[in-house]
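These numbers come from a predicted model, not from an experiment.
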Amino acid sequence: MKYLSKLLILVCSLSSFVGQAGDLTNANEIITKANLASYYSADDGSAQARMIIVDAQGNKQMRQFTILRKDQTDLGNQDILVFFSRPTDVQGTVFRVVKKVTSDDDRWLYLPALDLVKRISAGDKRTSFVGAHFFYEDVSGRNPAEDNFTLLKTDNNFYTIKAQPKDLNSVEFDHYIVSVDKNTFLPMQVDFYDSQGKKSRSLQVLKTEVIDGFTTVMHSKITQHSDGSYTEMQFRNVKYNVGLPNDIFSERSLRNPPKEWLD
């Protein structure tokens, strides 16, 4: 009996590391599905979001905005607009992205106080997004073509994958480890490591909901481990397949926001 118990424990332990029949074994295939689940739900969508930015001393700042997104094709190019509504010092600020699969994304930031459209260079994509711990690149998603992926392990709930940047000079980290939910393919935890193997930055998904058939991240948190500061982002009023017209994704919308799509 004691032998049988040990055998069962061993089998259960092994199954948590080697996965189950039907599990995917190709890291690139898993990342492709994760990219689709994270950034390409439906043909288009809108959502209202609020970020709470907490610095190392515990001081808090808030950012509130509406995000509009339209896919040109699944896993292909994509248009994104982010309209800030609160607080007053960022009200009217607009962030525009033309996400590209085969080249660097195009990014612009409209600053209403200066009536200035500022282009965000490719070299600045991994800098703070309006003072948050999220980077500009986090808004539209990192292009999977920039990394090499290795499947480290599979357990009952997650695929754990290591991503190694192809160009280390283009990023501030050495590699990252991502835990992809086996059922939804949403990345639920992403840990970035420096060249010393020390964890530098982490992204956690804290809450999801199924909306119109799409499992959607509703609450996430990103932490800077060097000082414990962090930003939480919460979404509400998420809608899919709303029929966003192509012509609103233009420079004209930076100065003249399409108000009918922002309520």
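For the 3.5 Å distance criterion, the side chains of Ser121 and Asp124 qualify, holding a donor opposite an acceptor. A side-chain N or O of Thr216 and one of Tyr240 form a donor-acceptor pair less than 3.5 Å apart. Under the 3.5 Å distance criterion, with hydrogens and angles disregarded, a donor-acceptor pair is assigned to the side chains of His133 and Ser229. For the residue pair Gln78 / Asp71, a side-chain donor-acceptor distance below 3.5 Å is found, with atom types taken as modelled.
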Query raised in the report: What do the steps show when you test Lys182 against Asp23 for salt bridge (charged side-chain N to carboxylate O under 4.0 Å, His left out), and what is the final call?
Result: CA-CA 8 Å; Lys182 288 172 63 177; Asp23 286 344; 3.0 Å; yes
Report task. Start with the C-alpha gap between Asp44 and Arg69, add the side-chain angles, then the distance that decides, and say whether salt bridge (charged side-chain N to carboxylate O under 4.0 Å, His left out) holds. Result -> CA-CA 5 Å; Asp44 65 15; Arg69 183 262 306 168; over 6 Å; no
Report task. Kindly determine whether Lys166 and Glu146 satisfy salt bridge (charged side-chain N to carboxylate O under 4.0 Å, His left out), including the steps that lead there. Result -> CA-CA 6 Å; Lys166 295 175 182 177; Glu146 295 188 84; over 6 Å; no
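Taking the six-membered ring where tryptophan is involved, the planes of Phe84 and Phe129 are tilted, since the angle between them lies from 30° to 60°.
Ring-centre distance between Phe95 and Phe65: not below the 6.0 Å cut-off.
With hydrogens and angles ignored, the 3.5 Å screen pairs a side-chain donor or acceptor of Tyr40 with a backbone N or O of Gly76. Looking only at distances, no side-chain donor or acceptor of Arg63 sits under 3.5 Å from a matching main-chain atom of Ala49. Between the Asn35 side chain and the Thr32 main chain, no donor and acceptor come within less than 3.5 Å of each other. With hydrogens and angles ignored, the 3.5 Å screen pairs a side-chain donor or acceptor of Ser38 with a backbone N or O of Ala34. The backbone N or O of Pro257 sits nowhere less than 3.5 Å from a side-chain atom of Ser253 that would complete a donor-acceptor pair. Looking at Asp79, its side chain never comes within 3.5 Å of a backbone N or O of Lys99 through a donor-acceptor pair.
The cationic group of Arg107 does not satisfy the cation-pi geometry with Tyr136, failing either the under 6.0 Å distance to the six-membered ring centre or the 45° limit from the ring axis. At least one cation-pi condition fails for Arg50 and Phe235: the charged atom is not both under 6.0 angstrom from the six-membered ring centre and inside a 45 degree cone around its axis.
A salt bridge between Asp55 and Lys60 is absent, with no side-chain N of the basic residue lying under 4.0 Å from a carboxylate O of the acidic one. In this structure, Lys125 does not pair ionically with Asp105, as no charged nitrogen and carboxylate oxygen lie closer than 4.0 Å. Ion pairing between a basic and an acidic side chain is recognised when a charged N comes within 4.0 Å of a carboxylate O; Asp181 and Lys33 show no such pairing. A salt bridge between Lys100 and Asp106 is present, with a side-chain N of the basic residue lying under 4.0 Å from a carboxylate O of the acidic one.
A heavy-atom distance below 4.5 Å is not found between the side chains of Asp167 and Pro165. Side chains of Leu36 and Phe185 form no contact here, defined as non-hydrogen atoms less than 4.5 Å apart. Side-chain contact between Val54 and Thr231: absent, with no pair of heavy atoms (C-beta onward) separated by less than 4.5 Å. With contacts defined as side-chain heavy-atom distances shorter than 4.5 Å, the pair Leu186/Val217 qualifies.
Checked options Gln64, Met233, Gln61, Glu232; the residue passing with Met51 is Met233 (criterion: side chain to side chain contact (heavy atoms under 4.5 Å, CB included)).
The minimum heavy-atom distance linking Ser202 with Gln189 is given by the pair CB-NE2, 4.1 Å.
Heavy-atom contacts from other residues, nucleotides or ligands closer than 6.0 Å to CZ of Arg119 number more than 12.
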